[in-house]
Amino acid sequence: MTEFTLFRHTPGIDPTLHIWGWEIPVYLFLGGLVAGLMILAGARLLIMRPHERQAMVCCTIGPLAGLALLSLGMLALFLDLSHKLYVWRLYLIFEPTSPMSWGSWILLLVYPALLANALTHLPETIPALAKRAPMLVTISDYILARPRLVVAIGLANITLGIALGIYTGILLGTLGARPLWSSAVLGPLFLFSGLSTAAALLHGILVFTTPDAERPEFADFLLSLLARWSQARPLDTRIAPTLAQADNSFLTIELALLGLLLIGHLSSTAVHQQAAWLLLTGPYAAVFWIGVIGLGILLPLFLQHLELQHRIRHTLAPSLLVLTGGLVLRFVLVNAGQASHWAAMLN
Amino acid sequence: MNALSRRRFLKISAATVVAAGMAGRSSRALAASATPSGGTAGVRTIPTFCDICFWKCGAIASVRDGQLWKIEGNPLDPLCQGRLCPRGTGGIGAHSDPDRLRAPLIRTHERGEEKWQEVTWDEALDYIAVRMKQIAAAHGPEAMALFSHGIGGTFLKHTLKAYGTPNMAAPSFAQCRGPRDVGFRLTFGDDVGSPERTDIANTDCLVLIGSHLGENMHNTQVQEFATAVGRGASIIVVDPRFSVAASKAKFYLPIKPGTDLALLLAWMHVIVTEKLYDADYVAKHGFGFEQFAASLTSYTPEWAFPETGIDPDTIRATAREMARHHPATLVHPGRHVNWNGDDAQRSRAIALLNALLGSWGRKGGFYQPSSMDVPAYPYPPYPKSGRSKLDNPDHKHPFAHEALTTGIRDATITGKPYPIKGWMVYATNLLHALPNEAETIRAIQQLDLLVVVDVIPSETAGWADVVLPESTYLERFDDLNPEYFRQPFLGLRQPVVDSPHDQKPNWWIAKKLAEKLGLGAYYPWQDIEEYLAHRVTAAGLSYPELKQKGIILGQRQPLYFDEGAPAEFDTPSGQIEFYSLQLEKAGFDPVPRYTPPAAGPAGSFRLLFGRAPMHSFSRTQSNRLLSGLMSENTVWLNHTAATRLGLKTDDYVRLRNQDGVLSNRIKVKATERIRPDCVYMVHGFGHTSRGLRHAYGKGASDAQLVTRYQTDPLMGGTGMNVNFVTLEPEV
Amino acid sequence: MSRYIMVIDTKRCVGCMDCVVACKTENHVPEGFTRDWITETVHGRFPTTNLEIRTERCNHCANPPCVHCCPTGASHVHARGGVVLVTPEKCIGCKACLAACPYDARFVHPKGYADKCTFCIHRVENGLDPACVSVCPTRCMHFGDADDPQSGVSRLLAARPHHPLLPEAGTQPRIYYLT
């Protein structure tokens with residue numbers, strides 16, 4: 001029989017840590033998604049096959065979306081800060097032991113890399129825009145005229161993407177005081193979750209934009225987002241098999257990493273075991289099993305498998321499921337992580 | 001009865017000269033303490049003494065840039081040794097309490113509705129004076145009564161004595177320590193005193209019976225308790241609850257509530273039959289030992305076992321433990337001891353057990369305190385009262401040597417032996433302090449005038465006709481404190497900061513009221529400092545020095561018999577009375593006799609209550625610093641009983657007592673730290689005064705549930721642990 | 001070099017919370033927040049019960065995760081005694097340090113920055129004990145330099161059995177509890 005009484009009621013801390021609300025999970029999700037977009041964009045840039053729609057979307061639309069999503073993520077991160085006026089302090093120093101310091105400097109490099117990737121093939125992807133801003137053509141020509149620059153941009157996107165993706169996991173992973181997070185698996189897990197959501201997003205964009213034209217005008221692209229939300233479309237064997245295949249690979253790896261994370265905890269100390277049980281049977285189990293594993297990984301895996309076998313049409317469903325699953329994964333891990341605690345050992 | 005102790009006071013007057021000579025050393029100590037922290041720019045320190053409880057610890061307040069910053073113990077103070085308790089440290093929260101009374105108030109609606117009009121001091125005091133004069137004219141001045149707690153009431157007492165009433169009482173006797181003082185007077189001819197003369201610092205074996213030192217935060221005692229624990233003293237704790245003190249004990253005796261006297265008798269049986277007592281001491285100082293010893297024959301440990309639940313082996317082991325360490329064995333007399341109505345006799349049994357162990361007047365037992373002789377101010381004599389005090393008519397309780405609050409309350413309700421038509425209540429929340437609040441309210445409804453002087457809007461203030469807002473102790477002078485202690489000293493309370501609103505110090509209130517009553521002659525001084533300086537100078541001491549240091553030490557007197565403290569006993573026999581002829585003559589048991597406590601209704605729990613270290617009575621729950629440490633109380637319930645009732649920690653319940661009274665909601669603390677036949681809560685919570693915005697409705701009030709009480713026949717104390725409750729889950 | 005530590009005698013502590021309120025007044029800790037606190041642990045079944053009361057606060061760890069994770073250097077190790085401190089003007093309020101602390105010793109001050117126990121370094125540098133230590137009525141708390149073998153704390157640790165809190169969390173805490 002043990003009774004433990006803590007005479008402390010600090011806001012944000014007691015009875016369990018709840019300092020991070022929606023902002024941090026959203027930031028981690030968007031950061032991972034952008035990391036995935038960068039890697040796919042960079043890879044696609046290196047093995048560019050001109051005039052292929054999938055490549056256009058990956059190399060140009062992806063990075064453009066990435067710039068917007070990353071800004072949203074940064075906004076969420078900023079909203080979470082409680083001493084906002086001092087945010088500039090991040091850029092007066094580099095703290096090598098702090099993942100957040102790494103992250104803030106990486107984010108600074110991510111923007112130009114994403115932009116460069118987007119600009120490389122922008123004129124052919126969105127000709128209407130290029131017509132209005134001839135400068136874009138100049139830049140694109142400048143880059144494309146220098147194959148080594150193209151390679152550098154591609155490699156930079158891949159490298160920074162990997163760094164960004166892993167960082168979002170390591171950010172939590174180094175906070176050893178929260179046993180659920182204290183695992184190196186969290187880095188690759190968030191990286192592959194980011195890749196799967198990125199592939200899903202690009203796949204989704206392709207599905208959206210396919211029926212009308214191989215190269216939609218930018219306006220068409222936006223319109224199609226709104227107008228064709230629920231429109232059934234004919235079986236199209238040309239759409240994005242590569243992305244769907246990639247996505248399935250990422251999801252499979254993500255599933256394996258989740259398994260590793262939990263196995264690691266379950267075979268570790270009592271507090272880590274307790275942390276794992278928070279997800280497996282505890283208060284977060286329903287969301288974890290249904291939201292993350294079932295709807296976020298297994299169902300889209302199955303659907304995309306059928307798509308690839310041409311047994312069903314490509315739809316938005318898998319990408320929406322994967323994107324939602326990725327977001328829910330961040331929420332579950334951030335919240336359950338805050339609830340996991342070493343103090344269990346103090347009782 | 002007091003003659004002897006008064007004699008001792010006088011012996012010390014010569015010491016004052018020596019104290020003045022020690023000034024040099026002491027002021028260096030102050031200089032060190034005057035910079036108690038880093039960053040002292042703009043910091044001013046002022047010595048004073050605390051008033052969050054009645055212990056009166058010397059303190060040094062720091063004011064930084066005009067703002068009250070902190071308050072720390074005065075290193076010169078023998079009581080606190082430079083360390084205040086949490087209530088003292090948090091005392092500055094009383095100054096900044098946003099719920100405190102701000103201006104004088106006159107009632108505009110029915111009593112108890114807490115509807116007021118703010119008035120000027122002149123209007124308020126005129127209102128009171130007019131009505132007091134009417135009461136004196138119609139019923140005589142004795143028809144005014146004063147309830148007062150603490151040193152702050154000195155001047156109001158003076159005004160009311162000048163007005164002509166002898167009727168003044170404090171809950172500290174009939175609701176608190178009275179039975180103990182009576183039990184010890186009957187035995188040793190002297191009080192335990194306050195601060196208690198317990199030599200805890202030097203004891204080798206400390207026995208605590210229901211006393212929860214550590215939760216009960218009387219500073220000196222807790223400091224000495226920690227010292228005793230640190231020295232490895234043997235601690236024996238008797239309590240239905242596994243108190244903090246119990247956790248430090250070598251022996252914990254989880255006694256059935258209400259049966260302590262049986263345990264005490266069995267202990268004494270063992271000590272007497274095994275001849276473990278201090279035979280020389282008993283022979284030298286004892287009276288009636290043979291008859292006493294004979295009365296113990298049947299109180300064997302085996303007899304006590306079914307009564308108390310304490311097995312005979314443990315009773316014997318603990319009795320032998322006490323004897324092994326005697327005379328440095330201290331059976332603590334406790335403080336709040338109005339439990340079952342047999343409390344004076346139980347306290348007498350504690351006194352007798354100490355007498356057997358020879359601990360009275362011995363190192364590690366009870367020392368002989370002394371105080372400095374500070375003459376009273378030469379006031380004109382008070383008018384002779386035509387009628388005597390009415391709180392204890394016909395000396396129904398012959399051994400009550402202080403006035404009974406509940407006696408005044410009874411007289412107010414019945415109008416006998418003569419009517420009481422006005423109450424003045426100073427710094428005591430009668431509705432939380434007296435048992436059966438319905439009776440208190442009934443008495444209040446008989447009054448023509450109820451005046452409450454307080455710092456916060458207490459429940460009692462809620463029923464008043466006039467409420468007078470007092471300055472906190474940090475904003476006022478008070479009377480001097482010539483402390484009666486191991487080390488005699490004189491303490492000064494002086495203002496540290498100004499009152500934030502229209503509050504006034506009690507001396508000012510009392511003086512102005514006297515002037516309005518035409519009794520100005522009783523206040524020949526213009527300002528309190530004139531009064532203080534006069535007394536200090538009359539004692540042969542320096543008032544400026546006292547102001548600067550806050551404390552002047554007197555000369556130590558012998559503390560123990562073997563150091564030369566006089567072994568005198570102010571009893572009829574002049575000896576320690578093992579057998580009390582005066583009790584016998586008055587028709588009471590000359591030696592304590594055990595009566596089993598009445599059981600409660602089936603399925604109910606006996607309601608016990610006590611203290612928390614960070615709160616004083618019901619006075620501190622709106623102090624933001626202290627309520628930050630504990631904002632509501634819990635009801636302690638044995639874990640097994642809780643499981644049976646389907647309750648767990650932090651569930652809200654209401655308590656219903658045997659008379660159907662339902663409490664505020666209160667959280668359960670399901671715990672292995674209490675017997676399954678009782679519940680426990682900390683006193684002072686469950687406020688219903690709407691003015692106490694911060695404390696309103698937080699936790700439950702035990703006072704509300706104490707509808708029954710068992711009156712001690714010897715001295716009129718109200719035994720309050722005779723109520724039983726059931727728990728009703730709050731949905 | 002000096003290495004400040006605290007040694008707390010649980011045998012003497014009664015859990016009165018004087019340390020808590022002294023810290024609040026000394027350091028102007030805002031209402032509703034606290035830099036130190038009390039815990040009670042009860043083992044056993046009534047009446048053979050065991051109670052340990054502890055006064056807890058930042059452990060000023062020798063391996064402080066809160067400092068490691070801080071992106072701006074706001075959380076840092078003070079040159080004197082290895083005390084872990086926060087510079088409010090450098091703190092961005094990211095709360096990583098709150099999450100990094102296994103003792104939950106930190107909180108977000110209403111003004112936005114991370115706040116916690118400073119070992120009352122402003123007092124220590126003036127030769128005084130921390131406020132909590134100096135006020136304790138049971139004298140259960142001791143503060144001093146572990147690198148000085150003659151210091152009170154060193155001698156206490158040498159003489160009596162003791163344990164820190166959560167050593168298994170790997171932070172090398174520097175508050176020791178005598179049992």
Side-chain angles (χ1 to χ4, degrees), chain A residues 1-14 16-17 19-20 24 77-78 80-105 171-172 174-179 181-182 269-271 334 337-338 341-347, chain C residues 15 17 20 32-46 49-51 53-54 56 65-75 87-114 165-171:
Chain A
M1 201 62 232
T2 298
E3 294 165 37
F4 180 74
T5 314
L6 169 65
F7 294 94
R8 188 185 67 194
H9 316 281
T10 308
I13 306 292
D14 299 312
T16 55
L17 195 72
I19 47 172
W20 284 331
I24 293 299
L77 181 63
F78 180 72
D80 175 71
L81 297 182
S82 58
H83 217 207
K84 294 187 175 58
L85 294 178
Y86 296 81
V87 65
W88 51 275
R89 282 284 185 178
L90 279 171
Y91 294 107
L92 289 191
I93 193 167
F94 171 61
E95 290 282 347
T97 59
S98 164
M100 207 170 281
S101 186
W102 278 97
S104 55
W105 288 105
L171 178 67
L172 298 181
T174 54
L175 300 173
R178 313 297 145 184
W181 296 340
S182 68
T269 68
V271 288
V334 168
Q338 292 188 84
H341 205 295
W342 275 91
M345 300 298 287
L346 283 172
N347 298 1
Chain C
M17 300 200 192
V20 179
F33 296 85
T34 186
R35 289 181 178 182
D36 53 352
W37 60 92
I38 295 286
T39 66
E40 286 182 5
T41 311
V42 179
H43 292 292
R45 295 206 78 113
F46 187 85
T49 319
N50 177 287
L51 166 68
I53 303 172
R54 287 190 304 262
E56 299 182 10
C66 53
V67 172
H68 300 331
C69 75
C70 180
T72 64
S75 284
T87 309
E89 300 75 31
K90 287 188 183 176
C91 175
I92 62 169
C94 72
K95 302 182 280 286
C97 55
L98 276 74
C101 175
Y103 307 99
D104 285 343
R106 292 173 167 244
F107 58 90
V108 177
H109 190 282
K111 287 181 181 162
Y113 53 84
L165 296 182
L166 293 178
E168 60 274 29
T171 61

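Just so we're on the same page: letters track the sequence lines, and every chain starts at 1.
- Between C/Ala100 and C/Pro102, the shortest heavy-atom contact is O-CD, 3.3 Å.
- Of all the heavy atoms in A/Trp342 and A/Ala177, the pair that sits closest is CD1-O, 3.2 Å.
- With A/Leu6 as the fixed residue, the side-chain contact (heavy atoms from CB on, under 4.5 Å) test singles out one of C/Ile38, C/Thr41, C/Asp104, C/Thr39: C/Thr39.
- When each of C/Ala114, C/Pro65, C/Ala96 is scored by its heavy-atom pairs under 4.5 Å with chain A, the top score falls to C/Ala96.
- Note: A/Leu81 leads A/Leu81, A/Leu171, A/Leu175, A/Leu77 in heavy-atom pairs under 4.5 Å with chain C.
- For chain C, no part of A/Ser104 is nearby; none of its heavy atoms comes within less than 4.5 Å.
- Note: A/Arg178 leads A/Lys84, A/Gln338, A/Arg178 in heavy-atom pairs under 4.5 Å with chain C.
- Every side chain to side chain contact (heavy atoms under 4.5 Å, CB included) that C/Thr72 has, sequence neighbours left out, goes to A/Arg89, A/Leu90, C/Cys70, C/Ala74, C/Lys90, C/Ile92.
- Applying the side chain to side chain contact (heavy atoms under 4.5 Å, CB included) rule to A/Glu95 yields the partners A/Ile93, A/Ser98, A/Ser101; only residues at least two apart in sequence or on another chain are considered.
- Residue contact with chain C, scored on non-hydrogen atoms closer than 4.5 Å, involves the side chain of A/Trp181 exclusively.
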